[in-house]
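Report on the following structure.
Below, each value reflects all heavy atoms present in this structure, side chains not excepted, and no hydrogens, waters or symmetry copies. These figures come from a predicted structure and were not determined experimentally. As the structure lists them, so they are numbered: ligands from 1, and atoms in each ligand from 1.
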Amino acid sequence: MDYGIRGRTAIICAASQGLGKGCAMALAREGVDVVINARGAEALHATADEIRAATGVKVTAIAGDITAMEGRAALLAACPNPDILVNNAGGPPIGDFRDWDEAMWQKAVNDNMITPIMLIRAVVDGMIERRFGRIVNITSRSVKAPLAHLGLSNGARAGLTGFVAGLARQVAKHNVTINNLLPGPFATQRQTDGLHKLAAKAGQDYDTFARAQMAAVPANRFGTPEEFGQACVFLCGAGAGFIVGQNLLIDGGAVNLSM
Ligand SMILES: NC(=O)c1ccc[n+]([C@@H]2O[C@H](COP(=O)([O-])OP(=O)(O)OC[C@H]3O[C@@H](n4cnc5c(N)ncnc54)[C@H](OP(=O)(O)O)[C@@H]3O)[C@@H](O)[C@H]2O)c1
């Protein structure tokens, strides 16, 4: 299928590995030039080389913290007028709400709500002028099915979701769409690290615990970053202009909602 985005330019935040990398690779495979970001320069440049070798598109790697003003400024200086923006950052830590002090809440809200909003604010008017824009925010299934140990994520991502629901409907008439992708359990470093912690807390070995987690997913496995990237490409396609302000779960059926 031709998604009609060959030659477009995309910023993909937090993309040296995991879901961000899955989106960057999938967009690059559609002929989109990609500008990728992460804090660790070495892994980021290795990913840039991998995408270049696999796709032949122009890949620009800008190392920096996307949750800091300077990191965002550097990324936007390299690509002030993207056609596509994929918002992503590391997620907040899991834990008990008693452990989360005000500074932790401020950080969660900054990283997973204010950061994507600031990036949207920086690029959305250019997209409106050019009559094309696709913005995809990587959030979490916790938006639809909050998990108690992910309270910081539940809160911050709900804030972003609420904001986007309004803005998406203001910009849709200009062929600019904003949608959210809600990952369930995906086989990434973050997921593995989280499962190690939860397994230890449950007093189980990792493999037993992870197998039980997979068995609880109707697809009987975790998702892959490549599958996640496919959904991102679909939402970024030229033909997706009527998909506005949606929250798309990609979770192998893990969250059981009838609607
Ligand atoms: N995997 C899942 O099952 C799952 C489920 C629900 C929600 N999510 C959410 O999806 C997002 C991506 O998760 P993932 O599983 O792909 O994580 P991951 O495998 O740990 O990858 C995170 C990526 O983001 C980069 N990154 C982290 N913090 C950054 C920052 N401040 N500035 C720039 N880059 C940053 C990392 O590189 P550096 O460390 O070098 O910066 C890395 O490239 C997270 O917000 C996570 O909470 C994931």
note = Nearest heavy-atom contact between Glu30 and Val233 is CG-CG1, 3.6 Å
message = For Val124 versus Val171, what's the shortest heavy-atom pair and its separation?
response =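 So the two residues come closest at CG2-CG1, 4.0 Å.
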Note the single closest protein heavy atom to [atom], along with its residue, its atom name and the distance in Å.
| atom | answer |
| --- | --- |
| atom 8 (N) of ligand 1 | Pro183 CG, 3.7 Å |
| atom 3 (O) of ligand 1 | Phe186 N, 2.8 Å |
| atom 17 (O) of ligand 1 | Arg190 CB, 3.4 Å |
| atom 33 (C) of ligand 1 | Asn37 OD1, 3.3 Å |
| atom 44 (C) of ligand 1 | Ala89 O, 3.1 Å |
| atom 32 (N) of ligand 1 | Ile66 N, 2.9 Å |
| atom 35 (C) of ligand 1 | Ala14 CB, 3.7 Å |

ask   = Do the ring planes of His196 and Tyr206 sit parallel (below 30°), tilted (30 to 60°) or perpendicular (above 60°)?
value = parallel
Please check whether [X] reaches ligand 1 - meaning an N/O of the residue sits under 3.5 Å from an N/O of the ligand, judged on distance alone.
| X | value |
| --- | --- |
| Arg141 | no |
| Ala38 | no |
| Gly91 | yes |
| Asp65 | yes |
| Pro92 | no |

message = Please check: side-chain N/O of Asp65 versus main-chain N/O of Arg39, any donor-acceptor pairing under 3.5 Å?
response = no
Which of the atoms of ligand 1 are close to [X], meaning less than 4.0 Å from one of its heavy atoms?
| X | answer |
| --- | --- |
| Gly64 | 32 (N), 33 (C) |
| Gly18 | 16 (O), 19 (O) |
| Ile138 | 10 (O) |
| Gln189 | 19 (O) |

For [X], state whether at least one heavy atom is located under 4.0 Å from any atom of ligand 1.
| X | value |
| --- | --- |
| Thr115 | no |
| Arg72 | no |
| Ala68 | no |

key: Atom pair NZ/CD of Lys21 and Glu226 - distance to nearest 0.5 Å   = 8.0 Å
query = Which value, rounded to the nearest 0.5 Å, describes the distance between Lys107 atom NZ and Asp101 atom CG?
reply = 12.5 Å
Can you tell which of [options] gets a heavy atom nearest to [atom]?
| atom | options | value |
| --- | --- | --- |
| atom 5 (C) of ligand 1 | Cys23, Gly184, Ser140 | Gly184 |
| atom 1 (N) of ligand 1 | Asn112, Leu182, Thr188 | Thr188 |
| atom 48 (C) of ligand 1 | Ile250, Leu195, Leu19 | Leu19 |
| atom 40 (O) of ligand 1 | Ser16, Gly40, Ala24 | Gly40 |

Is it the case that more than 12 heavy atoms not belonging to [X] sit under 6.0 Å from its [atom1] atom?
| X | atom1 | result |
| --- | --- | --- |
| Arg121 | CZ | no |
| Lys144 | NZ | yes |
| Phe234 | CZ | no |

Ion pair check, Arg190 and Asp193, cut-off under 4.0 Å =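 No, no charged N to carboxylate O under 4.0 Å.
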Chi angles and distances behind the side-chain contact (heavy atoms from CB on, under 4.5 Å) call for Thr115, Asn87 = CA-CA 8 Å; Thr115 290; Asn87 275 316; 5.7 Å; no
message = Does only the side chain of Asn88 get under 4.0 Å from ligand 1, or the backbone, or both, or neither? Count heavy atoms.
response = side chain
ask   = Would Asn175 and Arg134 count as a side chain to side chain donor-acceptor pair (under 3.5 Å) if you check the C-alpha gap in whole Å, the side-chain angles of each, and the deciding distance to 0.1 Å?
value = CA-CA 8 Å; Asn175 191 25; Arg134 298 286 181 264; 3.2 Å; yes
key: Non-neighbouring partners of Asn180 that pass side-chain hydrogen bond (donor to acceptor under 3.5 Å, both in side chains), sequence neighbours left out   = Asn137, Asn247
